[in-house]
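So you know, we letter chains A, B, ... as the sequences are listed, proteins then strands, and number each from 1. Here the structure is a predicted model, which is why all the values come from computation and not from measurement.
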2 protein chains.
Amino acid sequence: MVAGPTSAGPGKDRLRLWIRLLRASRTIEAELRERLKKEFDTTLPRFDVMAALYRVPEGMLMSDLSRFLLVSNGNVTGIVDRLVSEGLVTRARRNGDRRTSMVRLTEDGSKSFAAIAAAHEGWVGELLGTVSEDEARRLTGMLKSFRSNWEGRE
Amino acid sequence: MVAGPTSAGPGKDRLRLWIRLLRASRTIEAELRERLKKEFDTTLPRFDVMAALYRVPEGMLMSDLSRFLLVSNGNVTGIVDRLVSEGLVTRARRNGDRRTSMVRLTEDGSKSFAAIAAAHEGWVGELLGTVSEDEARRLTGMLKSFRSNWEGRE
DNA sequence: TTATAAAACTTTAAGCTTGAAATAATTTCT
DNA sequence: AGAAATTATTTCAAGCTTAAAGTTTTATAA
């Protein structure tokens, strides 16, 4: 997935783009993961879940989290389990539908996340420092448009 | 890692870019993983290792693979173990330095990879279909330049 | 030479990830 | 109402991933 095209030819430019895209995100991801571990003793998946919940004080269902984060249901179960055991998140059974539970950040979780998110934003700014703000906006637009075309189709 | 900025402000554009980048690569990666599984009963990590080896008939050391693929040593050990047990790869002890071993594709592995790689390239072309070849080249250039600036530093 | 350090790998423990199977609760259909 | 399908979630097995610790071999140096 990270190696270059095995030969030249048409369509190779998109393959090259994909490889670049993947290497870039893996490299940045690795760096962020390492810093999250070192500075805050946490992980990317935990950070992801907390970031999702931070925007929605009323909480999210497990399936909302799963959809939003683009990961499987079972995956979210495990991560939330660990966050609960650390007191950063709660699972509240609901009256209306007893299959579901609302997942929310605790006060601790919220404070904790705010601190981590601030550092995180700084890191991303640093790691993407050579991309101008203007260029960043353009790239973002390109990525946004190409994604929506095929994803979520059936 | 996949949620948006928690507030507005300066530096947010790079954060937005990072989130787009990550969502894009996760979405594409998930699609490719699924197809590799369904069509060829293999995985992305196996494909990555085989792609790396395919370019180098004389083989690679474990540490070369690890460096090239941006993953840890122990990780490569496990993946190569499985590829060996499937007969797609061999580990050849070396006379010169008995700590190391050369990892090579077997003939089976090589044939198998060629078929998978052809399909893979088609998929990537399809998934990135809305990006023109020209745009792909420009994006690739941007990604290349911003990466090299901080990665591999000390 | 012989201790010491360095290098190349492997092993291990903990956690992440998926897809599939299992549970439980709710909805839909007849 | 009762059966059947759907929905929300958890559990499970297998595999991926890392960092850290351990092993073996090679290089360095006193």
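Nearest-nucleotide positions on DNA chain D place B:Arg46 closer to the 5' end than the other of A:Lys37 and B:Arg46. Mapping A:Ala30 and A:Gly78 onto DNA chain D via the closest heavy atom, the residue that lands nearer the 5' end is A:Gly78.
Under the side chain to side chain contact (heavy atoms under 4.5 Å, CB included) criterion, A:Arg104 pairs with A:Thr90, A:Ala92, A:Met102, sequence neighbours left out. Qualifying side chain to side chain contact (heavy atoms under 4.5 Å, CB included) partners for B:Asp41, counting only residues two or more places apart in sequence or in other chains: B:Lys37.
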For residues 67-75 of chain A, which side-chain donor-acceptor pairs fall under 3.5 Å, sequence neighbours excluded?
{"residue": "A:Arg67", "atom": "NH2", "partner": "A:Asp64", "partner atom": "OD1", "Å": "3.4"}
{"residue": "A:Ser72", "atom": "OG", "partner": "A:Asn75", "partner atom": "N", "Å": "3.3"}
{"residue": "A:Asn73", "atom": "OD1", "partner": "A:Ser66", "partner atom": "OG", "Å": "3.1"}

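With rounding to whole Å, A:Arg26 atom CZ is found 11 Å from D:dT17 atom C1'. Taking atom CG on A:Leu61 and atom P on C:dA25, their separation rounds to 16 Å, with Å as the unit. Summarising the geometry, the separation between CE on A:Met62 and C1' on C:dA24 is reported as 15 Å, rounded to the nearest angstrom. The separation between A:Asp41 atom CG and C:dA14 atom P is 14 Å, rounded to whole Å. In this structure, B:Glu31 places its CD atom 13 Å from P of C:dT18, rounding to the nearest Å. Atom CG of B:Leu44 is separated from atom P of C:dT17 by 14 Å (rounded to the nearest Å). Spacing between atom CG of A:Leu36 and atom P of C:dG15 amounts to 16 Å, rounded to whole angstrom units. Across the protein-nucleic acid pair, B:Asn75 atom CG and C:dG15 atom C1' stand 14 Å apart, rounded to whole Å.
Dashed line: the shortest gap from a side-chain N or O of A:Asn73 to OP1 or OP2 of D:dT9 is not under 4.0 Å. Contact annotation: A:Ser63 reaches the phosphate of D:dT9 (side-chain N/O to OP1 or OP2, under 4.0 Å).
Between the side chains of A:Arg94 and A:Thr100, at least one donor N or O lies within less than 3.5 Å of an accepting N or O.
Side-chain proximity of B:Thr77 to C:dT10, C:dT17, D:dT17: nearest is C:dT10.
A heavy-atom distance below 4.0 Å to DNA chain D is reached by none of the residues of residues 83-91 of chain B. Within residues 92-102 of chain B, the residues approached by DNA chain D to less than 4.0 Å at the level of any non-hydrogen atom are B:Gly96, B:Asp97, B:Arg98, B:Arg99, in residue-number order.
A salt bridge is absent between A:Glu121 and B:Arg14; no separation between the charged side-chain nitrogens and carboxylate oxygens falls under 4.0 Å. We find that B:Glu126 and B:Arg35 are joined by a salt bridge, their nearest charged nitrogen and carboxylate oxygen being less than 4.0 Å apart. A salt bridge is absent between A:Arg33 and A:Glu29: the closest approach of a Lys/Arg side-chain nitrogen to an acidic carboxylate oxygen does not fall below 4.0 angstrom.
Within a 6.0 Å sphere centred on CD of B:Glu107, other residues, nucleotides and ligands contribute 12 heavy atoms or fewer.
Annotation: the span from A:Asp81 atom CG to A:Glu86 atom CD amounts to 11.0 Å, rounded to 0.5 Å.
A:Arg67 comes within 4.0 angstrom of no nucleic acid atom, judged by non-hydrogen atoms across all strands.
Aromatic pair A:Phe47/A:Phe40: ring centres not closer than 6.0 Å.
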Report, one pair per line, the protein and nucleotides 20-22 of chain D atoms (nitrogen or oxygen only) whose separation is under 3.5 Å.
none

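Closest non-hydrogen pair, B:Tyr54 versus B:Ser110, comes out as CE1-OG, 3.5 Å.
Hydrophobic cluster membership differs between A:Leu61 and A:Ile79, with clusters built from Ile, Leu, Val, Met, Phe, Trp and Tyr side chains linked at under 4.5 angstrom.
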